[in-house]
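To start, the structure under review is shown below, and the notes come after it.
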Amino acid sequence: MTIHVVDHPLVHHKLSLIRDRKTPGILFRALIEEVGLILAAEATRTLPTESVVVETPLERTGSLRLKSLDPVLVPVLRAGLGLLPPFLQLMPTAKVGHLGLYRDHDSLVPVPYYRNFPPLLEARPVFILDPMLATGGSASEAVRQLKTAGAVNLSLVSLLAAPEGLERLQRDHPDLTIVVGAVDRQLNDKGYILPGLGDAGDRLFGTV
Ligand SMILES: O=P(O)(O)OC[C@H]1O[C@H](OP(=O)(O)OP(=O)(O)O)[C@H](O)[C@@H]1O
Ligand SMILES: O=c1cc[nH]c(=O)[nH]1
Ligand SMILES: [Mg+2]
């Protein structure tokens with residue numbers, strides 16, 4: 001498994017504001033989108049390109065364009081929706097799949113409730129968007145469902161990861177690429193990331 005921790009001053013700065021319990025929802029959402037842009041740039045670093053010839057106003061020159069079919073973005077509902085706008089800003093022609101999962105409060109096992117994936121998953125880079133990687137149960141289930149539907153080139157993009165979640169994914173999906181803003185210390189006994197940022201879905205959508 002490949003793990004990229006995006007060690008960037010702007011990510012550190014924005015994460016410190018995102019973590020702050022006093023940061024209001026409107027700013028929390030905006031900051032997630034801003035960090036999401038940086039994560040999107042990092043996550044797409046290895047997209048394949050091909051040579052093309054372009055006529056500038058002055059001369060012909062060689063240049064590079066994206067080679068593969070449009071990528072697929074799969075936000076894991078609900079919190080993953082917070083990362084979708086920056087990814088679509090950078091890749092406006094990307095296809096979007098949706099996957100609804102919630103964690104059962106007691107067992108922490110993910111419960112699937114919605115799924116709609118675009119076609120040709122096998123031929124496209126697929127980016128799973130979910131700001132929180134806690135036990136890893138939700139991300140592992142998302143990867144499992146996408147692999148069953150044909151995806152082979154899979155990356156997970158998260159804001160925060162717990163070591164427990166990374167270990168789980170290493171066991172379940174060693175072929176996965178992970179791009180993450182920070183790796184936190186541990187989970188608490190309710191499966192929340194410490195120090196973390198609280199409940200990402202609730203803070204994004206005001207359901208606290
Ligand atoms: O790694 P895990 O232990 O599976 O936890 C992470 C999951 O928990 C959160 O979703 P939640 O179930 O709170 O749903 P929500 O986004 O609708 O709030 C988060 O957005 C992840 O999907
Ligand atoms: O800390 C956590 C863990 C799971 N989901 C969240 O939103 N936050
Ligand atoms: Mg939640």
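In each ligand, atom 1 is the first atom listed, and ligand 1 is the first ligand listed.
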>> Less than 4.0 angstrom from a charged side-chain N to a carboxylate O is my criterion; do D172 and R144 meet it?
In response: no
>> Is there a polar contact, in the sense of an N or O pair closer than 3.5 Å, between G191 and ligand 2?
In response: no
> For ligand 2, which part of A134 has a heavy atom less than 4.0 Å away: the side chain, the backbone, both, or neither?
Replying inline: side chain
> Of all the atoms in ligand 1, which lie at a distance below 4.0 Å from a heavy atom belonging to A79?
Replying inline: 16 (O), 20 (O)
> Going by heavy atoms, is G165 under 4.0 Å from ligand 1?
Replying inline: no
> Within 45° of the ring axis of F117 and under 6.0 Å from its six-membered ring centre, is that where the NZ or CZ of R124 lies?
Replying inline: no
>> Using a 4.0 Å cut-off to any heavy atom of A200, which atoms of ligand 2 qualify?
In response: 6 (C), 7 (O)
>> On a heavy-atom basis, I'd like to know which of L101, D130, L108 is closest to atom 14 (O) of ligand 1.
In response: L101
> Any nitrogen or oxygen of M132, main chain or side chain, under 3.5 Å from a nitrogen or oxygen of ligand 2?
Replying inline: no
>> So if I count the atoms of ligand 1 from 1 in the order they appear, which ones are less than 4.0 Å from some heavy atom of T135?
In response: 1 (O), 2 (P), 3 (O), 4 (O)
> So is there a nitrogen or oxygen of S138 less than 3.5 Å from a nitrogen or oxygen in ligand 1?
Replying inline: yes
> Are L129 and I3 linked, directly or through other ILVMFWY residues, by side chains that come within less than 4.5 angstrom of each other?
Replying inline: no
> Can you find an N or O of D202 that's nearer than 3.5 Å to an N or O of ligand 1?
Replying inline: no
> Is R19 salt-bridged to D184, cutoff N-O under 4.0 Å?
Replying inline: yes
> Nearest non-hydrogen atom to atom 6 (C) of ligand 2 belongs to which of G201, A79, S138, G198?
Replying inline: G198
> Is the CZ atom of R185 crowded by more than 12 outside heavy atoms at less than 6.0 Å?
Replying inline: yes
> Applying a strict 4.0 Å limit to heavy atoms, is R103 in contact with ligand 2?
Replying inline: yes
>> Going by side-chain contact (heavy atoms from CB on, under 4.5 Å), E42 matches just one of L37, V6, V180, V11. Which one?
In response: V6
> Crowded around L194 CG? As in, over 12 foreign heavy atoms under 6.0 Å?
Replying inline: yes
> Would one find more than 12 heavy atoms of other residues, nucleotides or ligands at under 6.0 Å from atom NE2 of H13?
Replying inline: no
>> One thing to verify: whether D175 and K147 come together as a salt bridge, which I'm taking to mean a side-chain N less than 4.0 angstrom from a carboxylate O.
In response: yes
> Which atoms from ligand 1 have a heavy atom of Y102 less than 4.0 Å away?
Replying inline: 12 (O)
>> Considering E141, R103, H105, M132 one by one, which has a heavy atom nearer to atom 5 (O) of ligand 1 than any of the others?
In response: R103
